[in-house]
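The structure under discussion appears below in the form of structure tokens.
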Amino acid sequence: MKNFTRRDFLKTSSATTLALGAAGNAWGLTRLEPISDTLKQEYPYRAWEDIYRKEYAFDTVGFAAHCVNCHGNCAFEIKVKDGIVMREEQIAQYPQVADNIPDTNPRGCQKGAIHSQAMYDDDRIRYPMKRAGKRGEGKWQRVSWDQAADEIAEKILDIHEQYGPGKILSHSGTGVMSSMRLASGYRFASLLGGVLEDAITDVGDGQSGQTLATGDALQNVTSDAWFDADYIINSFHNPSVTRIPDAHYMWEAKYNGARIVSVSPDYNPTAIHSDLWLNIKPGADPFMYMSMIQVILEEKLWDEAFVKEQTDLVLLVRDDNRKLLRQSDLQADGKQDIFYFWDTKSKKIVEASGSMGSEDKTLALNGKDPALEGSYTVKDLQGNEIKLQPSFIHMKTEAMKYPPEKTQDDTGINANVVREEARKFAKAKKAFIISGFASAKVLNGIYLQWAQVMMCAITGHMGERGGYASPFSQLGFETTFVLAFPDGKMPRFECGGLGEYMHGQKIIEARQHFNNEKLKARVGFDLDEMEEIIHHSIKTKQMPVYEGLVAGILTADNKFVRNKGPKYRERLLEVFKELFVCVDVRMTSTAQWADYVLPAASHYEAWDVRTSPLHRHANLFTAPSKPIGEAKPDWLIMSLITKKMQEKAIARKMTAFQDGPFLRDYTKIHDEFTMGGMLTDDKAVTQFLVDNSPQFGPGSFEKGIKKGFLVHQSSPIMPAAKVQADKPIHSWMQQTEDKLPYPTLSGRLTFYCDHELYQKLDSSVPTARFNAGPEASDYPYTFYTPHTRWGIHTTWRANKFMMRQQRGEPFVYVSPKMAKTKGITDGGQVRVFNAIGEFFAQAKITPGIRDNQVMMEHAWENYQFKGNKGLNQVVATLIQPLETVGNWGHLKFAPFRWNPNSLSNESGVDIEALTDEQALEQAVARNDKPAQVKG
Ligand code: SF4
């Protein structure tokens, strides 16, 4: 067959045209001209050809990433024309770290890639605004920066003089993740003496079981460490949706032969690609892992040498009171934090080195052989005999209660499958359990994570052999903290989840929703016991929660979407009775209720640096475009407020005051904020952050801004990982290789806790508990709210490009069976409800979820719902008592590591089908406030 060339086509066209002309002007085609190659001759009307090219033209190029809570941190090149960002492209220039592992290029996702459009959306705040009507009424007055900062500063000082220090919540939410933005809000809070909540537990991301076991949940791996694993369990982890730039390492590992297992109650996009999907019943996860541990122990698949060297399962426990044997039991001046094991070689008890009280800071056994079995006897101070057993026996006794055949009805996972996967995990060369943050948002998350870390530990999967990994580490934050806490001055750090629980009085909805008897039967405590434990923890100062707040200055914290229950916003607005300021990029469902909204510069409009937990590159933001409207970088906003405060404090003749351990002085607050005028703008701050970083050093800033990123070759702030230039980052290498102690009470991986509350709740060793769920309420269906595919939390959630990918309005997933039972149609309206609240949404029928499950991706803005009623209207929540302990070794309040979490998935709901008209009518009738979106 002849191939047609362009020349043939032109010849044919000309011939055809001539023939048609000769045929008496048939079909009126008299005006047709022969087509020749227009590119080779003069042709007057060619300007249109340039439109497409002009769309791609730009004046300037700069670099940025996205300062959102995705942990992607992907370097983009930003192209700007006439002051408008035209497009962004992944720069894809990161160097390869190890020869045998692919590089991390090109990092990015479809969400970040629409920011050049989204930054000009209607919800962008462009000018400082002051409330002109009632709170939330949507009436605003545009004011100058000078007026806004002047009035806010005046009010802050009034509050200080009227109520005393520490009455302002000056909080930065998870919308700020880059170092300049983080340092701005934190430094302001530190100099003010404001209350700053733990932003990690605020959003329910605190990996408490990981901290309990290892001492630090911020020691984690980079995603390239997944690449050469041969077995990976995804637990509440859906990287194809939530770790888009990192997911390839998992799928490349699979291509190389790794077995990928996903454990989730929904058939999510990661489960789809896995070798095995374990469709676990919601809330039953710890039972499955305890069964796997039972199999590993029963079939002797565990690593005895690792257990003896690295874990506290060797420590001796008293038979009489189940407490660890301490030096204080045996010596008059003995310490509480020195422990013992039985050495089978010398046949006597010996001090276990490496504990908090031990001077010998090593895990090395130096020829000793700790017993894991047997009974032993020592004499106490009075000469009485104390009978002892290694904690291993207690751990094993508990684990043996959970053979897979016994748990399969609870978990929905066949016993043979559990047995087979436990064997594969134990025999793997390098195995991970990768835990998503949703595992921290369930009541039994601490049990789940504790069991998971133990499963890794007893099989020797730690360090370069894998282990438990959660998605955040503090790699590269050294200088951020220097700026955040000037001269060591700190804000009043408060518990995140517990602080929000108390300020929002969430116990009221918990009491309305949960059935106390059912709750006790399901989770082991009831609401009365939970409240008593919470109050005891706060009263004894184990967990800090500050009372008497009268104002809130929030930066990038969408509190009124995230928090649970229908009355949270109302109660917080009462707390913020004197002043409520929101500093944000967008007019969020929270900013709508503020007294003042202050427009922050977005990702492409400010100098900044962002480090990443999942890869080793620090990205530079070079402010490629000017801020829209009158928006300002966070540093300049806080700087302006401190300037006004300082002027007014001097005029008021205020003096320095001792505030706990810190001397604060509002007459110098601006000087201190700007470091004596050295840090005047976001560029100077970014340069300070980079050039003073111990791993980058002077001159690095200039180098970094030429290519958009710098590479972390070491990490003083993460020494345990022993960061090396040519290897992925693995956690706990100092422990597994160099035998240095873990940051725990015993210096060992901790699987025995003898705190009285742990004893009271039968939780001294890893065990299984359910979450609350519908079983603890009088409503039939579980309500599950995983992370969204089409946004990063509430960021870009209302953007039109994201909305086009889904249903264009909030929707809930229901199974075909539930739809049939309830008369729900795909695309039809439903009301989701329980005793505390309701919301209206569209139904999407999917076979990918269970029949007793109502699922909705989280973080829709409240204003996207009919009647402004967001999805958390139906969510009652609890506090996990074990997380309130603050007086046991490493279990003490520590921001970002140890304090109670916000929990999201504990409620039961019911659902009913409505017509569109009914939904609208009911929503409007019960509308609490009109929606107001435009900034
Ligand atoms: Fe990367 Fe996050 Fe931006 Fe997506 S939103 S491109 S993951 S930084």
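Counting convention: from 1, in listed order, for ligands and their atoms alike.
- Atoms of ligand 1 found under 4.0 Å from any heavy atom of G108 (numbered from 1 in listed order, with element): 6 (S).
- Nearest protein heavy-atom neighbour of atom 6 (S) of ligand 1: C109 N, 3.2 Å.
- Just one of H66, R610, E605 meets the side chain to side chain contact (heavy atoms under 4.5 Å, CB included) condition when paired with F621; it is R610.
- The aromatic rings of H71 and F437 sit perpendicular to each other, their planes meeting at more than 60°, with 30° as the lower class boundary.
- For atom 7 (S) of ligand 1, the nearest protein heavy atom (residue, atom name, distance) is P245 CG, 3.6 Å.
- Using a 30° and 60° split on the angle between ring planes, Y94 and H615 fall in the tilted class, from 30° to 60°.
- Atoms of ligand 1 lying under 4.0 Å from any heavy atom of G112, numbered from 1 in the order shown and given with element: 3 (Fe), 4 (Fe), 5 (S), 6 (S).
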Take E77 and K79, measure what salt bridge (charged side-chain N to carboxylate O under 4.0 Å, His left out) needs, and give me the verdict at the end.
-> CA-CA 7 Å; E77 202 170 52; K79 304 190 169 171; 3.7 Å; yes
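- Close approach to F76 involves these atoms of ligand 1, each under 4.0 Å from a residue heavy atom: 6 (S).
- Looking at atom 1 (Fe) of ligand 1, its nearest protein heavy atom turns out to be C74 SG, 2.3 Å.
- The N73 neighbourhood of ligand 1 comprises atoms 8 (S), with distances under 4.0 Å to a heavy atom of that residue.
- Closest approach between atom 3 (Fe) of ligand 1 and any N/O/S atom of H66 involves ND1.
- Closest to atom 2 (Fe) of ligand 1, if we only count protein heavy atoms, is C70 SG, 2.3 Å.
- Side-chain contact of T785 with N905: a donor-acceptor pair under 3.5 Å is present, judged by distance alone.
- Using bins of under 30°, 30° to 60° and over 60° for the plane-to-plane angle, the ring pair Y249/F227 lands in the perpendicular bin.
- If you number the atoms of ligand 1 from 1 as listed, the ones under 4.0 Å from a heavy atom of G72 come out as 7 (S).
- Atoms of ligand 1 found under 4.0 Å from any heavy atom of W796, numbered from 1 in the order shown, are 5 (S).
- Side-chain atoms of H115 and S602 include a donor-acceptor pair closer than 3.5 Å.
- Between H617 and F709, the ring-plane angle classifies as perpendicular under the 30° and 60° cut-offs.
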